[in-house]
Trainee: 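I have a structure I would like to understand better, so I am pasting it below and will then ask my questions one at a time.
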Amino acid sequence: MPLSANNPSIKTWLNVPENSDFPIQNIPFGVFLTRDDIITIGTRIGDTAIDLGALHQLGYFDGIELTDDIFLQDSLNDFIADGRKTWRLVRNRISSIFNQDNATLRDNAEHRDKILFGLDEIEMQLPVDVGDYTDFYASKEHATNVGSLFRDPENALLPNWLHIPIGYHGRSSSIVPSGTPIYRPNGQSAPKDGSGPGFGPSKLLDFELEMAFITTAANDLGKPISINEAPEHIFGLVLFNDWSARDIQAWEYVPLGPFLGKNFASTISPWIVTLDALEPFRVEGPVQDPEPLPYLRQTGAQNYDITLEANIMPENGSESLVCRSNFKYMYWSMAQQLAHHTINGCNLRSGDMMGSGTISGPTPESYGSMLELSWRGQKPVALNDGTTRTFIQDGDTVVMRGYCQNKQVRIGFGECTGKILPARNLEF
């Protein structure tokens, strides 16, 4: 099926600001609360939110096999479960409806009033009901940096890292949409001076610059997904900040890996950008040496050229750019992650989320966490207001952005933001 919605020459009758992340060629999907306190599934073009439930009820999707309530739900799970054919039909139809030459909705003021909303009239919600969440550790630069910090540079990568996409199962209940404030977590930290472990608010709170992809209900229990089929089961991507309490994590992670140091909160951007919209930005990934086992061998360009940045904004201050990275640096691609995830027969469900792991690049300014940027606190990071950070302080807001751009079009993700609040007082 052609991706007519990707045509870079299409113009829309809606107003789209210059350098918007959301031109008519994007057409992401999300869930929002309208000015009438109705939850609906929608999309966005420029700074206009579009109620797909109302659009469907008014007959604009006639000819596409959709249930009556497909867009009248509080998550995208059922729509995602319908598969890529349906996603493409809907996205192509939306592109047609809002094409500048299509007068059907453009000239119908009554319908426009029911369908279109300003961004100040809506409240974004979590776009999917995340049943399961897996976090990978797929950036070679990040894994090398962390291994160098906690072991030594000569043994930075463990023997298995170059052979399998390392991952762990995270906590889906604490995934929240952008803008949700995060309380600093309490927990245990490593003993000092031969005493027992410390306890209290984390002192080494960190962000992790990641992306996450959303899957379909792709396979039955016991049936792996081949690497060639994997992209067919990826709906789209969001920006992902997998907050980390490094001191809690360092004490607890041996021998079973991340737990309370990670599961207190993870923040995602609210608009899911489809894999189809990102098609023009496919690129080759890093050379993989040694060659992966046959089930992980991929052909063609499977990475995506997505510019990423992380900013820190102190309370009552302005943003400071602290990191600029790119999704193309990922050593293990999304297709490889999905193929590996299911090689043992693990079944995926619609709305499952897979985090990339921290996305670090080859230079210090492209490191995707404060752990790396400050080199475990040894190199404070300067902010625009003259202060410095080694880790995130109370009142700081972390703002992540991501976009793809070529000479014809820019496709972006908006923002992924979270403000750190002081830890809750505990009484025992």
Side-chain angles (χ1 to χ4, degrees), residues 14 21-22 26-62 64-83 86-87 89-91 93-94 97-98 105 110-133 171-182 212-217 235-240 265-274 277 349-353 413-418:
L14 290 170
D21 278 354
F22 302 100
N26 191 337
I27 311 179
F29 293 89
V31 175
F32 57 81
L33 188 68
T34 72
R35 57 179 172 243
D36 301 315
D37 289 331
I38 296 172
I39 289 183
T40 187
I41 289 172
T43 187
R44 173 179 175 177
I45 297 176
D47 291 337
T48 301
I50 300 162
D51 183 343
L52 296 183
L55 202 64
H56 187 21
Q57 288 180 312
L58 292 169
Y60 286 88
F61 291 117
D62 285 355
I64 301 176
E65 292 186 12
L66 299 169
T67 59
D68 292 342
D69 66 344
I70 192 68
F71 297 125
L72 301 177
Q73 303 185 35
D74 61 3
S75 82
L76 281 155
N77 291 50
D78 284 355
F79 176 64
I80 293 172
D82 274 357
T86 298
W87 314 334
L89 286 170
V90 167
R91 192 166 161 271
R93 179 67 60 84
I94 293 169
I97 293 167
F98 291 95
L105 177 59
E110 181 182 357
H111 283 191
R112 290 201 315 271
D113 185 62
K114 295 177 179 178
I115 292 168
L116 306 182
F117 295 83
L119 298 183
D120 60 347
E121 297 179 295
I122 66 169
E123 181 181 331
M124 297 304 298
Q125 310 291 303
L126 201 66
V128 288
D129 181 9
V130 184
D132 279 301
Y133 149 53
R171 182 71 182 176
S172 60
S173 65
S174 54
I175 296 173
V176 296
S178 176
T180 305
I182 307 299
F213 65 89
I214 316 297
T215 72
T216 64
F235 176 63
L237 290 88
V238 293
L239 300 172
F240 188 57
S266 300
T267 304
I268 68 170
S269 54
W271 295 105
I272 303 175
V273 177
T274 63
R349 294 178 291 186
S350 176
D352 284 355
M353 184 175 295
F413 294 79
E415 293 184 347
C416 176
T417 70

Trainee: Can you tell me how far CG of Leu72 sits from CD1 of Ile38, rounded to the nearest 0.5 angstrom?
Mentor: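 Those atoms lie 9.0 Å apart.
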
Trainee: Do Asp352 side-chain atoms and Asp132 backbone N/O form a donor-acceptor pair below 3.5 Å?
Mentor: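 Judged by distance alone, yes, a pair lies under 3.5 Å.
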
Trainee: Aromatic ring centroids of Trp87 and Phe235 under 6.0 Å?
Mentor: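 Ring-ring flag for Trp87/Phe235: true, centres closer than 6.0 Å.
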
Trainee: Any chance you could measure Phe117, atom CZ, to Asp47, atom CG, to the nearest 0.5 Å?
Mentor: 15.5 Å

Trainee: So with a 6.0 Å cut-off around CG of Asp36, is the heavy-atom count from everything else above 12?
Mentor: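 Buried by this count: over 12 neighbours within 6.0 Å.
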
Trainee: Compare every heavy atom of Phe98 with every heavy atom of Leu116, then report the nearest pair and how far apart it is.
Mentor: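 Nearest heavy atoms, Leu116 then Phe98: CD2-CE2, 3.9 Å.
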
Trainee: Are the charged groups of Asp51 and Lys114 less than 4.0 angstrom apart, N to O?
Mentor: no

Trainee: Which distance, rounded to the nearest 0.5 Å, do you find between the CD1 of Ile268 and the OG1 of Thr180?
Mentor: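 If I round to the nearest 0.5 Å, the distance is 9.5 Å.
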
Trainee: Check whether Thr215 reaches the backbone of Met353 with its side chain - one donor and one acceptor, N or O, closer than 3.5 Å.
Mentor: no

Trainee: Can you check side-chain contact (heavy atoms from CB on, under 4.5 Å) on Gln73 and Phe79, steps first, answer last?
Mentor: CA-CA 9 Å; Gln73 303 185 35; Phe79 176 64; over 6 Å; no

Trainee: Are any side-chain N or O atoms of Asn77 and backbone N or O atoms of Asp129, one a donor and one an acceptor, separated by less than 3.5 Å?
Mentor: yes

Trainee: Quick check on the 6.0 Å ring-centre criterion: do Phe213 and Phe240 meet it?
Mentor: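 Judged by ring-centre distance (under 6.0 Å), Phe213 and Phe240 do not meet the cut-off.
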
Trainee: Could you tell me the separation between the OG1 atom of Thr40 and the NE2 atom of His56, rounded to the nearest 0.5 Å?
Mentor: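 The distance works out to 11.0 Å.
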
Trainee: Taking Arg35 for its side chain and Asp37 for its backbone only, find out whether a donor-acceptor pair lies under 3.5 Å.
Mentor: no

